[in-house]
Amino acid sequence: MRVVIVGAGQAGAALAAKLRALGHAGEIVMLGDEPAPPYQRPPLSKGYLLGEMGEDRLWLRAPEFWAETRVELRLGQAVSAIDPVSKSVTVGGEVLAYDHLALTTGSTPRRLPAAIGGALAGVYTVRTLADVDAMRAEFGAGRRVIIVGGGYIGLEAAAVASKLGLDVTVLEMAPRILQRVAAPETSDYVRALHQAHGVKVLDSTGLDRLVGDDRVTGALLKDGRTLPADFVIVGVGITPNTQLAETAGLAIDNGIATDELGRTSDAFIWSAGDCASFPWKGGRIRLESVGNAIDQAETVAANILGAGSPYQAKPWFWSDQFDLKLQIGGLNTGYDRIVARKGEGDAVSFWYFRGADLLAVDAMNDSRAYMVGKRLIEMGRSPAPEMIEAAPDLKALLKG
């Protein structure tokens, strides 16, 4: 049985490795459109951009792993078409047959339209190794960078730029940074951290357009102000890569729609990672995280081999900014109450409730709160809010 994997990122690499670990002896072909071997993306906007990590430390596996496990890794090869009828993909003019196909195509950063300066030289996004390599030379002390978007990627880039001595301004159109993903308490904590390091955070600030002839020189704001810039980083979200699936006639619903097993609307095509949506508590979600990419891909690998195991998502996320390690467990959608708990030193955690149900926790430099909160959520247990506030030892909440 030949399994072809389209996409050589975190999900694709996890799926291939798990197939072998589970005893699959047939062919595995993994196709990646980037020239680099499968690598981890989170450090791109952190340690790699800071110069603290070399490229080889990004690799998910040593290069020899793929040969030793008989995974045919084809790099720099983009798939141009899928034919579900003949069960084949077209790559570089070659038609490659499959018994099962896994789409781990990931996502693409949203860019600003060319009409408002998005195509000017000196305007960057942060997604691939090539993206970061292209911008690294810009990070000279004293230079001015504007970050468009106050989400995690933008804020992580802002932290790196500040550490390297740049003049940093973050533009956020919404009333607060992290508004889409976090409570006001977390937004306030992170804003104060950035401001303490000299980052200018401009909430409720709309961008009219980037200015410059061939290269960006600044940003014209909706209120008429113009801010000078030597370069710009755009962090305004990502779009799942669904084009191949859509052209092949697969169902699309906030990504490539899969069932609880990870199977698409075609019985022999599967999907996992950023590009895939899946059933969740009566609805459908798509998660953009390393944890989901790995866990979902490993579930798909097992199900390709006939396990029939529904994917049980256990959402978790993290972000490193300056000396802050923000760890998030659960999903806070629909929360109506925040409970704050002070930890040791500067540690603090914010617990999200909907009614009496614990939904999620944001832990700032508080790994114990994160671990306990994540475990409680996975167990389906919701301590009373006053117990979270007052318990001398959070681990006691896991008992009884």
Side-chain angles (χ1 to χ4, degrees), residues 41-55 57-58 109 111-112 116-173 176-178 187-236 319-326 346:
R41 296 190 192 278
L44 289 177
S45 58
K46 308 179 186 79
Y48 184 73
L49 187 53
L50 267 172
E52 297 173 349
M53 294 179 68
E55 180 179 331
R57 287 183 58 199
L58 296 175
R111 298 178 182 273
L112 297 180
I116 64 167
L120 290 171
V123 179
Y124 302 94
T125 55
V126 184
R127 183 64 181 172
T128 67
L129 188 59
D131 288 337
V132 177
D133 284 344
M135 74 171 75
R136 289 181 82 172
E138 303 273 14
F139 283 74
R143 303 194 79 221
R144 299 161 300 185
V145 59
I146 291 176
I147 314 285
V148 180
Y152 288 121
I153 288 293
L155 292 171
E156 288 168 0
V160 168
S162 177
K163 283 184 177 181
L164 294 176
L166 280 76
D167 180 285
V168 186
T169 302
V170 175
L171 302 181
E172 174 52 60
M173 182 173 60
R176 59 182 174 86
I177 58 172
L178 301 176
S187 295
D188 291 346
Y189 186 102
V190 174
R191 183 194 301 104
L193 174 71
H194 278 261
Q195 290 174 333
H197 285 84
V199 175
K200 294 179 283 291
V201 180
L202 305 182
D203 295 322
S204 300
T205 302
L207 173 69
D208 184 75
R209 65 182 184 274
L210 300 178
V211 296
D213 294 328
D214 297 320
R215 181 182 173 86
V216 68
T217 59
L220 176 62
L221 306 183
K222 293 287 189 182
D223 62 13
R225 287 180 293 164
T226 298
L227 303 181
D230 294 303
F231 68 107
V232 171
I233 298 174
V234 178
V236 292
S319 179
D320 293 323
Q321 301 169 42
F322 299 109
D323 56 354
L324 167 66
K325 185 170 189 64
L326 169 58
D346 65 347

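Because only heavy atoms are used, hydrogens play no part in the values below, and waters and symmetry mates are left out as well, while side chains stay in.
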Student check: side-chain heavy atoms of T128 and L44 closer than 4.5 Å: no
Under the side-chain contact (heavy atoms from CB on, under 4.5 Å) test, residues paired with L220 that sit two or more places apart: D208, R209, V211, T226
D213, CG: over 12 other non-hydrogen atoms inside 6.0 angstrom: no
By salt bridge (charged side-chain N to carboxylate O under 4.0 Å, His left out) - contacts of E138 (at least two apart): R143, R215
side-chain contact (heavy atoms from CB on, under 4.5 Å) against T205, all qualifying residues, sequence neighbours excluded: L171, L202, L221, R225
Test log, rule side-chain contact (heavy atoms from CB on, under 4.5 Å), inputs I147 and V199: CA-CA 10 Å; I147 314 285; V199 175; over 6 Å; no
Pairwise distance NZ(K222) to OG(S204) - rounded to 0.5 angstrom: 14.0 Å
Any residue meeting side-chain hydrogen bond (donor to acceptor under 3.5 Å, both in side chains) with R176, in chain and number order, not counting sequence neighbours: S187
Sub-4.5 Å side-chain heavy-atom contact between V126 and L49: no
Shortest non-hydrogen contact from G212 toward T217: CA-OG1, 3.6 Å
Heavy-atom closest contact (S45 atom, I153 atom, distance): OG-CD1, 4.2 Å
Of all pairs that satisfy salt bridge (charged side-chain N to carboxylate O under 4.0 Å, His left out), the ones with a partner from residues 192-205, not counting sequence neighbours: D167-K200, R191-D203
Non-hydrogen atoms of G151 and E172 that approach each other most closely: N-OE1, 4.4 Å
Interatomic spacing from CG in L155 to CD1 in I177 - rounded to 0.5 Å: 5.0 Å
Distance-minimising heavy-atom pair for M53 and P43: SD-CB, 3.5 Å
Residues which pass side-chain hydrogen bond (donor to acceptor under 3.5 Å, both in side chains) with S162, listed by chain and number, not counting sequence neighbours: none
Residues in salt bridge (charged side-chain N to carboxylate O under 4.0 Å, His left out) contact with R41, at least two apart in sequence or another chain: E34
Pairs meeting criterion salt bridge (charged side-chain N to carboxylate O under 4.0 Å, His left out) with involvement of residues 155-166, two or more places apart: K46-E156
Residues which pass side-chain contact (heavy atoms from CB on, under 4.5 Å) with M173, listed by chain and number, not counting sequence neighbours: none
Atom of A158, atom of V170 and distance for their closest heavy-atom approach: CB-CG2, 3.9 Å
Which residues share a side-chain hydrogen bond (donor to acceptor under 3.5 Å, both in side chains) with Y48, sequence neighbours left out: D133, R136
Distance-only criterion, 3.5 Å: show the donor-acceptor pairs between side-chain atoms of residues 229-236 and protein atoms not counting sequence neighbours.
{"unit_1": "D230", "atom_1": "OD1", "unit_2": "R144", "atom_2": "NH2", "d": "3.4"}
{"unit_1": "D230", "atom_1": "OD2", "unit_2": "R144", "atom_2": "N", "d": "2.7"}
{"unit_1": "D230", "atom_1": "OD2", "unit_2": "R144", "atom_2": "NE", "d": "3.4"}

Selection residues 187-229 - residue pairs positive for ring-ring contact (aromatic ring centres under 6.0 Å, His included), sequence neighbours left out: H194-F322, H197-F322
From R111 atom CZ to T125 atom OG1, the distance as rounded to the nearest 0.5 Å: 3.5 Å
Any D131 side-chain heavy atom under 4.5 Å of Y124 side chain: no
Inter-residue atom distance D188.CG - L193.CG, 0.5 Å rounding: 12.5 Å
